[in-house]
Q: 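Handing you a structure now.
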Amino acid sequence: MTRVLGIETSCDETSAAVLDGAGDDVALRSLVILSQDVHRVFGGVVPEIASRAHLTSIVPVVRRALDDAGATLADVDAVAVTHAPGLVGALLVGVSYAKALAFAADLPLVAVHHMEGHLFATALDAPEAVPPFTALLVSGGHTLLLDVPAWGDYRLLGATRDDAAGEAFDKVAKLLGLPYPGGRHVEALAERGDPLAVRFSRPMVRRDQAPGDADYYDVSFSGLKTAVLQAVRAGGGDAAPDDLKANIARGFQDALVDTLVEKTFRAAREHGRRRVVLGGGVACNRALARAMRTRLADLGATVHAPSPRLATDNAAMIARAGLFRFERGERADLGANAHAALPIPGLR
Ligand code: KG4
Ligand code: ZN
């Protein structure tokens, strides 16, 4: 059994977690997530403010995670920290702090890729959400469709050609006058919308696409965003009536969800997978999970979506991915750095 302390500071959540485990048999002992509310005022994450906020909260957040687990540093076997991708200044706070902890307590350090963390998050809720599976990672910065025959072996099938799914939600939220981050507000508004009132075309989805085509698995959301902008303007912009805004939100969400479901269905079918794992903040979207379950049932495939707490950024998933890397013998040294962009390890 290995006890891992996980640390996550890649964006606007300061998070720490303690996890015990061996292989896929793990138990989460504690999870502390401190969300930086301040960015709401600016309608988006301000990198410099994020770094400073991480600096003030990292020590109490880690201490609290250890306390909640009834542990001290002496009981920890390894420190896992997100080193990429993300805001470099924000990542650096976690990386520097983790290096200092590892050095002071003489503990091994493991560097974790944030998106690999999202891949592991669902397995913390559902022990059967383990490879082989088809994975759809949908966050504020990434949209990745992967085939996962085994942990650490990631085959990239498709990605977004422009905006990430979460980014599209956030931009549409802004157009509709909703707060940041906008995903859950768009979802709530869409629930009141009429599904037949406003229809947007499904981007990058055509019947004549074949598995070898470059656009068979890729998605694109910038055209959809522009279509939403035009619909809002035509309806009176900010002054558009609430029911029209709800109908537009519904039309947008349906188009985005349909696209993601179709691409994921294709991936699971072509690779003969019976499990689909969703990850990233947009995996909180209940309409997405519902539509995914209905469609994938045609293949006899089960869909696993993480609970909201584990879908959005958190250190539990970093500790979980860190345990996997630790067991493979991977170690980071004190020269470890933060990287704004880096491919997921094991991606082919
Ligand atoms: O994974 P995450 O917490 O952070 C990144 O690594 O980016 O994802 C945040 C994204 C935001 O764009 C947010 O609007 C979106 O996830 N999101 C949602 C929902 N909850 C969060 N999008 C759609 N529906 C939701 N319920
Ligand atoms: Zn994330």
Side-chain angles (χ1 to χ4, degrees), residues 40 43-45 136-145 158-207 209 215 217-266 278-296 303 305 308 311-312:
R40 279 166 202 251
V45 177
L136 176 68
L137 295 182
V138 273
S139 70
H142 296 82
T143 303
L144 298 171
L145 185 61
T160 181
R161 299 210 174 159
D162 37 62
D163 293 352
E167 194 179 353
F169 266 102
D170 294 338
K171 286 177 176 170
V172 164
K174 213 170 216 170
L175 293 174
L176 293 170
L178 299 169
Y180 174 89
R184 66 191 170 90
H185 300 287
V186 173
E187 179 179 6
L189 188 59
E191 259 164 44
R192 295 196 276 113
D194 175 354
L196 301 174
V198 180
R199 190 185 157 86
F200 297 109
S201 65
R202 278 49 180 155
M204 309 274 281
V205 178
R206 292 191 327 273
R207 274 169 200 227
Q209 288 165 325
D215 55 1
Y217 294 123
D218 279 351
V219 294
S220 156
F221 297 121
S222 74
L224 178 59
K225 180 187 66 195
T226 306
V228 169
L229 170 67
Q230 282 160 353
V232 173
R233 278 198 186 141
D238 273 354
D242 280 352
D243 58 342
L244 176 65
K245 286 184 177 172
N247 293 342
I248 292 173
R250 179 60 185 260
F252 159 75
Q253 181 172 277
D254 283 355
L256 181 140
V257 162
D258 266 9
T259 304
L260 292 174
V261 168
E262 173 62 23
K263 303 281 165 153
T264 308
F265 177 87
R266 290 175 179 182
L278 307 181
V282 183
C284 292
N285 189 283
R286 279 158 302 171
L288 174 66
R290 211 179 306 127
M292 197 69 85
R293 288 198 171 102
T294 307
R295 184 78 199 283
L296 271 292
V303 176
T312 50

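Below, all heavy atoms of this structure are taken into account, side chains as well, without hydrogens, waters or symmetry copies.
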Q: State, to 0.1 Å, how close A287 and V257 come at their nearest heavy-atom pair, and which atoms those are.
A: O-CG1, 4.0 Å
Q: What's the shortest heavy-atom distance between A283 and A305, and which atoms?
A: O-CB, 4.3 Å
Q: Measure the CZ-CZ distance between R293 and R286 for me, rounded to the nearest 0.5 Å.
A: 12.0 Å
Q: Going from CG on D258 to CD on Q253, what distance comes out if it is rounded to the nearest 0.5 angstrom?
A: 10.5 Å
Q: Taking all non-hydrogen atoms of both residues, which atom of Y180 and which atom of R40 are closest, and how far apart?
A: O-CG, 3.4 Å
Q: Hey, does the side chain of D162 reach the backbone of F221 with a donor-acceptor pair shorter than 3.5 angstrom?
A: yes
Q: If you round to the nearest 0.5 Å, how far is CD of Q230 from CG of L175?
A: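 So the CG of L175 and the CD of Q230 are separated by 11.0 Å.
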Q: For A159, does its backbone N or O pair with a side-chain atom of D218 as donor and acceptor, under 3.5 Å?
A: yes
Q: Working to the nearest 0.5 angstrom, can you tell me the gap between L229 CG and L176 CG?
A: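 Between atom CG of L229 and atom CG of L176 there are 10.5 Å.
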Q: Output yes when a side-chain donor or acceptor of T143 lies under 3.5 Å from a complementary backbone atom of A165, and no otherwise.
A: yes
Q: Thinking salt bridges, do D170 and K174 make one under a 4.0 Å N-O criterion?
A: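 Judged by the 4.0 Å cut-off on N to carboxylate O distance, D170 and K174 do not form a salt bridge.
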Q: Show the nearest heavy-atom pair for residues P203 and A255, with the distance to one decimal.
A: CD-O, 4.4 Å
Q: So, the side chain of R202 versus the backbone of F200: is there a donor-acceptor pair under 3.5 Å, distance only?
A: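 The answer is yes, because a donor-acceptor pair under 3.5 Å joins these two groups.
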Q: What distance separates D163 CG from L224 CG, expressed to the nearest 0.5 Å?
A: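 Taking CG in D163 and CG in L224, the distance rounds to 9.5 Å.
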Q: Examine distances only and state if a side-chain atom of K245 and a backbone atom of G177 form a donor-acceptor pair shorter than 3.5 Å.
A: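 No, the answer is negative, given that no donor and acceptor are paired below the 3.5 Å cut-off.
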Q: Start with the C-alpha gap between K263 and Q209, add the side-chain angles, then the distance that decides, and say whether side-chain contact (heavy atoms from CB on, under 4.5 Å) holds.
A: CA-CA 11 Å; K263 303 281 165 153; Q209 288 165 325; 4.2 Å; yes
Q: List the atom of P308, the atom of C284, and the distance in Å for their closest heavy-atom pair.
A: CA-SG, 3.7 Å
Q: Which distance, rounded to the nearest 0.5 Å, do you find between the CZ of R184 and the CG of N285?
A: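 Answer rounded to 0.5 Å: 12.5 Å.
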Q: Please report the closest heavy-atom contact between A168 and L256, naming both atoms and the distance.
A: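 Nearest pair, atom of A168 first, then L256: CB-CD1, 4.1 Å.
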Q: Are the side chains of M292 and L136 in contact, using a 4.5 Å heavy-atom criterion?
A: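 Yes - at least one pair of side-chain heavy atoms lies under 4.5 Å apart.
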Q: Charged N to carboxylate O under 4.0 angstrom, D215 versus R206?
A: yes
Q: Any Lys/Arg nitrogen of K225 or E167 sitting under 4.0 Å from an Asp/Glu carboxylate oxygen of the other?
A: no
Q: Does any part of the side chain of R250, heavy atoms only, come nearer than 4.5 Å to the side chain of D254, both counted from C-beta?
A: yes
